[in-house]
Participant: 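Mind having a look at this structure? Questions to follow.
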Number of protein chains: 2
Amino acid sequence: MSATIARKRISESTIHRLSLYYRTLSLLEKENYETVSSKELAKREKLTPAQVRKDLSFFGSFGTRGLGYNVNELKLKIESILGIDREWRVALIGVGNIGSALVSYKEFARQGFHIIKLFDNDQRKIGSNHKGIVVSDIKDLEKEVKEANISMVILAVPATVSQYIVDDVVKAGVTAILNFAPVNLRVPPFVHLRNENMSMELEYLSFAMVNNHAPKKPK
Amino acid sequence: MSATIARKRISESTIHRLSLYYRTLSLLEKENYETVSSKELAKREKLTPAQVRKDLSFFGSFGTRGLGYNVNELKLKIESILGIDREWRVALIGVGNIGSALVSYKEFARQGFHIIKLFDNDQRKIGSNHKGIVVSDIKDLEKEVKEANISMVILAVPATVSQYIVDDVVKAGVTAILNFAPVNLRVPPFVHLRNENMSMELEYLSFAMVNNHAPKKPK
DNA sequence: TACTTCTTGTGAACCATTTCACATGACTCC
DNA sequence: GGAGTCATGTGAAATGGTTCACAAGAAGTA
């Protein structure tokens with residue numbers, strides 16, 4: 001009935017792959033597939049069928065032997081595992097280049113991440129309206145985060161100030177932070193911090209080109 | 001003299017960590033550090049010193065026993081390993097939300113990735129100017145990519161059209177693509193394709209919150 | 001030069017993740 | 001309902017990545 005609680009520690013890669021499965025299941029659903037096999041799912045993600053089955057097996061057994069997985073059912077299961085079967089109330093801090101792009105990024109909302117508050121420290125931005133949300137003064141962070149019942153923060157502020165801001169965010173009681181600045185932030189052990197480093201993948205590409213790394217591991 | 005060619009296959013995680021080391025070394029350089037030990041570097045990245053040394057050891061021995069690594073020297077070495085010791089000519093396709101944010105994203109240029117061409121298929125955008133670059137018609141992709149000697153493409157187009165566009169990009173002879181659309185793209189085996197999935201980390205956060213996953217592996 | 005301290009570079013040991021391989025169950029068709 | 005096919009779920013094996021532990025080199029001190 002409720003989500004299976006994973007006891008064994010689940011690897012980061014497994015979780016990332018669940019995200020991929022979820023996306024593909026949504027697509028399959030739109031394409032009116034009733035069921036899907038680990039083989040088909042694997043093919044779409046360029047993985048092995050065993051990998052797919054093992055990933056899912058950490059959380060239960062959702063398939064039918066001989067048939068595969070019911071697309072809609074599995075999608076719902078993964079939604080519940082990932083915790084995206086609910087509405088997350090998210091604040092975005094830093095309405096610059098990246099920040100404003102993220103406000104309009106529909107993919108977030110589609111997965112249940114709703115940006116409902118914007119903050120900045122720039123007087124010219126405070127009070128302005130982005131996609132129906134008025135930018136608040138970062139000084140009111142703690143108060144407004146609490147009032148709006150925010151549980152996640154996306155940080156899109158310049159690297160130079162991000163440690164100060166993250167300290168404030170933590171003070172405001174937020175325990176999940178997605179950071180876009182290219183810096184290593186310090187947070188207390190009970191706070192979940194993830195970094196989105198957009199240069200990293202470009203650097204990987206450049207490494208691969210220069211070193212003639214095989215683009216994909218051979219099937 | 002020239003870059004050490006890695007013979008053993010290097011893991012993706014090692015390369016990603018090199019990116020991190022690079023960033024931290026740049027910082028250390030600014031802070032006027034002469035040398036740095038694997039211990040200090042590890043501390044800053046929340047890794048073990050052995051991990052740092054092992055990563056570097058795949059490419060040579062850059063340190064001095066008893067002393068550590070020369071900050072500037074190691075930085076240059078990593079630049080050369082990652083292939084960011086040169087200017088990469090990059091085209092960005094799709095001047096929407098994300099696309100326009102990326103044009104102004106200074107971090108790319110700082111690492112040698114220069115966006116010098118913009119493309120879109122929207123007549124209202126074609127001809128407009130973003131940060132000094134005039135948006136070209138996607139129809140002229142092949143011609144302009146060749147003329148401008150582009151070797152990498154950043155794809156920031158809607159998921160629905162991205163496969164068509166990536167086909168054109170491949171036809172134009174580009175072999176390194178960074179895709180921001182949440183789809184699995186098909187490319188020939190000789191093309192390097194990386195995906196930047198911005199929802200993935202939010203989903204990881206949500207998973208972690210819901211499942212009380214320890215935010216960080218204990219030291 | 002002998003002694004101490006520091007820190008690298010690296011095989012070997014350890015641990016985690018992926019893949020294999022197969023028993024098991026579901027469905028279909030004669 | 002027996003035979004054939006398909007595809008899951010999962011221990012066990014294989015592979016890959018991380019950490020350990022230590023020999024060896026560099027610098028400083030006396």
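Every chain is numbered from 1, with letters handed out A, B, ... down the list of sequences. Bear in mind that the values here come from a model prediction, so they are computed numbers and not experimental data. Hydrogens, waters and symmetry mates play no part in the numbers below; they use all other heavy atoms, side chains included.
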Participant: Counting side-chain heavy atoms from C-beta on, which of C/dT17, C/dT18, D/dG9 comes nearest to A/S11?
Facilitator: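 Minimum distance to the A/S11 side chain belongs to C/dT17.
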Participant: Atom CD1 of A/I10 and atom C1' of C/dT17: how far apart are they, to the nearest Å?
Facilitator: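 Going from A/I10 (CD1) to C/dT17 (C1'), I get 12 Å.
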Participant: Report the residue (B/L56 or A/L67) whose heavy-atom-nearest nucleotide on DNA chain C is the more 5′ of the two.
Facilitator: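 Result of the comparison: B/L56.
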Participant: Tell me the closest heavy-atom pair linking A/V52 and A/Y21, and the distance in Å.
Facilitator: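 So the minimum-distance heavy-atom pair works out to CA-OH, 3.5 Å.
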Participant: With DNA chain D as reference, determine whether B/Q51 or B/T64 sits nearer its 5' end, using the nearest nucleotide of each.
Facilitator: B/Q51
Participant: Does B/Y69 make a side-chain N or O approach to OP1 or OP2 of C/dG9 shorter than 4.0 Å?
Facilitator: yes
Participant: List the steps, then state whether side-chain hydrogen bond (donor to acceptor under 3.5 Å, both in side chains) holds for B/T24 with B/R44.
Facilitator: CA-CA 8 Å; B/T24 296; B/R44 299 205 175 212; over 6 Å; no
Participant: Nearest to the A/S37 side chain among D/dG11, C/dT8, D/dT8, which nucleotide is it?
Facilitator: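 Shortest atom-to-atom distance from the side chain points to D/dT8.
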Participant: Write down the distance between CZ (A/F62) and P (C/dG25), rounded to a whole number of angstrom.
Facilitator: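 Whole-Å distance recorded here is 19 Å.
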Participant: Between B/E29 (side chain only) and B/V71 (backbone N and O only), is there a donor and an acceptor less than 3.5 Å apart?
Facilitator: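 Here the side-chain-to-backbone pair does not exist.
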Participant: Check for a donor-acceptor pair, side chain of B/S206 on one end and backbone N or O of A/L82 on the other, with a separation under 3.5 Å.
Facilitator: yes
Participant: Can you list, in residue-number order, the parts of residues 17-36 of chain A that come under 4.0 Å of DNA chain C, counting heavy atoms only?
Facilitator: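 Residues of residues 17-36 of chain A under 4.0 Å from DNA chain C: A/R17.
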Participant: Quick one: does A/R65 reach the base of D/dT8 with a side-chain donor-acceptor pair under 3.5 Å?
Facilitator: yes
Participant: Verify the distance criterion only: is there a donor paired with an acceptor across the side chains of A/E79 and A/Y22 at less than 3.5 Å?
Facilitator: yes
Participant: Please figure out whether A/G66 or B/P49 has its closest DNA chain C nucleotide nearer the 5' end.
Facilitator: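 Its nearest nucleotide lies further toward 5', so the answer is B/P49.
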Participant: Measuring from B/S19:OG to A/E201:CD, what's the distance to the nearest 0.5 Å?
Facilitator: 8.5 Å
Participant: Just say parallel, tilted or perpendicular for the rings of A/H16 and B/Y204, cut-offs at 30° and 60°.
Facilitator: tilted
Participant: Using a cut-off of strictly less than 4.0 Å, decide whether B/T48 has a side-chain nitrogen or oxygen near OP1 or OP2 of D/dT19.
Facilitator: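 Affirmative; the distance criterion is met.
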Participant: On DNA chain D, compare the nucleotides closest to A/R53 and B/A50; which residue's is nearer the 5' end?
Facilitator: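 With A/R53 and B/A50 compared, the 5'-side residue is A/R53.
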Participant: Between atom CD in B/E12 and atom P in D/dT18, what is the gap in whole Å?
Facilitator: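 From B/E12 CD to D/dT18 P: 11 Å.
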